[in-house]
There are 2 protein chains.
Amino acid sequence: MVQEVGDLNLSVGYALKQAAAALRTAMDAGLRPLGLSVSQYSCLELLGQRPGLSAAELARGAFVTRQSMHAVLLGLEERGLLERAATAPQGRALPTQLTAAGRAALTSASRIVAAVEQRMTQTLTAGGRDRLHADLIACVAALSTDPAEAGGDNPSAALDANQSALPSDNPASALGPDSSPE
Amino acid sequence: MVQEVGDLNLSVGYALKQAAAALRTAMDAGLRPLGLSVSQYSCLELLGQRPGLSAAELARGAFVTRQSMHAVLLGLEERGLLERAATAPQGRALPTQLTAAGRAALTSASRIVAAVEQRMTQTLTAGGRDRLHADLIACVAALSTDPAEAGGDNPSAALDANQSALPSDNPASALGPDSSPE
DNA sequence: GAGCGTATGTCAGGATGCTGACATGGTGCA
DNA sequence: TGCACCATGTCAGCATCCTGACATACGCTC
C-alpha cells in the first residue's frame, strides 16, 4: 500500500523536472546573447503584460521570493530597462514600469522565448499543447490546494493561472496569438 | 510572423515552470522533516535504482552539474547514507552505493515523494497521467534534439528517458501512449 | 609508444536564490 | 484611539548551483 516512487522513467514528477530543466537551459542559452537571465526575462515579461506591478507581485509571478526579485529589479533598473516609483502612491508597494529600452529588450527576448517554446512543443498537435497546458495547470492546482503549502514568502504561492493577479489582459482565446504558425 | 510569448497564462512554458516550482516546493516541504533536500533525495533515489553509479552519472540524472553533485555526495557520505569506493576500479569513476541507513532514508523519502506526486496528479485519470508523462518526454526530446544545446557540463544533457543509464526502463508504458505523433 | 580527445573527480570563485529579520504602511477589530 | 495582523521593501547571512580550471585515466589514431 505504501507506494514508493518506482522507476524514475515512469515518474511524472521526474519527467516534469526534466522538462523544466531542459526548458530553462534552452531559454538560458537563447537569452544569453541579450545579456538576460531567465529571471530577468520573466520580470520584463510580467511587467510588459501588467505595467505597474510591485516587486512582491512580480516575485509571485516569477516563482521567486521578494528578496530575489528585489535583486533582479536592482539590476534591471541599473541597466535602464525599468523604472520604479521613488515613493509609494499608496501603501508600501512601489509600482514598476518598463522604459523604452526595456520594452525593446522585452520584444527581442519574447521572440526568442516564443521560438524556444514552439520548438519544445513542435511534436505536439495544437490540441496536444492545450491538453498539456491544462494538465499542468491541473497539477499546479492540485498541489496548491493543500493546507501545508500556504503562507509566508513561499514562491509557489504564486498567482495561479486564471486568477486576479493578471486581470487586465485576458482577452485571448484558447488558441492564443502564438499558435499554429508553420 | 515573429511570434512573441503572448499571454503568460496561455503559455505552456509558463505553466511548466509553475508546475515544476510547485512540485519542488511540495517535495521540499515533505522532505524537510527527514533533513533531506530535493537534490539529496534525487541522489538517493538514483542510487537506489542503480547502485554503483558514478558522481558524473548521478549529476546527469539529477539535472545538476558534477560539481553540485560532488557537494551533495560529500554531505550524504558524511551522514553515512552512502559509500564511495576509495579507489577507482576502472577509469576515474568512483562507484557509489547506499548504506543500510541510506536505504532506510530512501524508503521513507520515496514514500513521501510518491505521495506528493500522487497528490499532484490526483485530478488526472490514469490515462491522463500517462499522456502527460508522454507529452513531457516529447518536450524534452524536442528541446534536446537541437545542435546548439549539446556539450559541456550542461545539466540538461541528462540521461534521456529511454537510454542506458537506468536500464530497468520501460518508458513506453503498457497503456499505449497514443499521444506521441510522429 | 606518443599524441589527441573525452570523461571523470576535484578545487576555487562567483552568481543566484532562500531564510531570517526588521521597519514601515495599511486594515480590521475591540 | 489603540493594538493585533498582514503585506511590502530592504538588509544580512547562508545554501545551492554554476562557470572556469586543472589533473588524471581511458580509448582512439598515427
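What's counted below: heavy atoms across the whole structure, side chains too, no hydrogens, waters or symmetry copies. All chains are named by letter (A, B, ...) in the order of the sequence lines, taking the proteins before the strands, and each is independently numbered beginning at 1.
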* To do: Send over the distance from B/Asp28 CG to D/dA15 P, rounded to a whole Å.
  => 15 Å
* Residue whose nearest DNA chain D nucleotide is more 5′ - A/Leu94 or B/Val72 -> A/Leu94
* Tell me the salt bridge (charged side-chain N to carboxylate O under 4.0 Å, His left out) pairs involving residues 87-109 of chain B, sequence neighbours left out? -> none
* In whole angstroms, how far is the C1' atom of D/dC18 from the CE atom of A/Met27? -> 18 Å
* Asked: In whole Å, what is the span from the CE atom of A/Met69 to the P atom of C/dT16?
  -> 13 Å
* Among C/dT27, D/dG9, C/dG9, the one nearest A/Gln90 by side-chain distance -> C/dT27
* Considering only heavy atoms from C-beta outward, does the side chain of B/Leu73 approach that of B/Arg84 to under 4.5 Å? -> yes
* Asked: For A/Ala93, which residues count as a side chain to side chain contact (heavy atoms under 4.5 Å, CB included) partner, sequence neighbours excluded?
  -> A/Ser54
* **Contact under 4.0 Å: B/Ser68 side-chain N or O vs D/dT16 OP1/OP2** => no
* So does A/Arg60 get a side-chain nitrogen or oxygen closer than 4.0 Å to the phosphate oxygens (OP1/OP2) of D/dT8? -> yes
* Asked: Separation of A/Leu58 atom CG from D/dG9 atom P, in whole Å?
  -> 9 Å
* Look at the side-chain N and O atoms of A/Thr65 and state whether any lies under 4.0 Å from the OP1 or OP2 oxygen of C/dG17. => no
* Structure fact -> Across all chains, not counting sequence neighbours, the side chain to side chain contact (heavy atoms under 4.5 Å, CB included) partners of A/Ser42 are A/Val38, A/Ala62, B/Lys17
* Asked: Among the nucleotides C/dG17, C/dT10, D/dC26, which one has an atom lying closest to any side-chain atom of B/Arg84?
  -> C/dT10
* Using whole Å, report how far CG of A/Leu74 lies from C1' of C/dT16. => 14 Å
* To do: Using whole Å, report how far CZ of A/Arg66 lies from P of C/dG20.
  => 13 Å
* **All side-chain hydrogen bond (donor to acceptor under 3.5 Å, both in side chains) counterparts of A/Arg79, not counting sequence neighbours** => none
* To do: Whole angstrom is fine here: how far is it from CG in A/Leu36 over to P in C/dA15?
  => 17 Å
* To do: Apply side-chain hydrogen bond (donor to acceptor under 3.5 Å, both in side chains) to B/Thr121 and list each qualifying residue two or more places apart in sequence or on a separate chain.
  => none
* Between CZ on residue A/Arg129 and OG on residue B/Ser11, distance to nearest 0.5 Å -> 11.5 Å
* Spacing of A/Leu76 atom CG and A/Leu36 atom CG [to the nearest 0.5 Å] -> 7.0 Å
* Would you please confirm or rule out a distance under 4.0 Å between OP1 or OP2 of D/dG9 and any side-chain N or O of A/His70? => no
* To do: Verify the contact: side-chain N or O of A/Ser39 to OP1 or OP2 of C/dT16, cut-off strictly under 4.0 Å; return yes or no.
  => no
* **Residue met sooner reading DNA chain D from 5', once B/Gln40 and A/Pro95 are mapped to nucleotides** => A/Pro95
* Less than 3.5 Å between a donor and an acceptor, one on the side chain of B/Gln67 and one on the base of D/dG20, is that the case here? -> yes
* Taking only N and O in the side chain of B/Arg92, is any of them less than 4.0 Å away from OP1 or OP2 of D/dC22? -> no
* Between the axis at one end of the helix from C/dG1-D/dC30 to C/dA30-D/dT1 and the axis at the other (five pairs apiece), what's the angle to 10 degrees? -> 30°
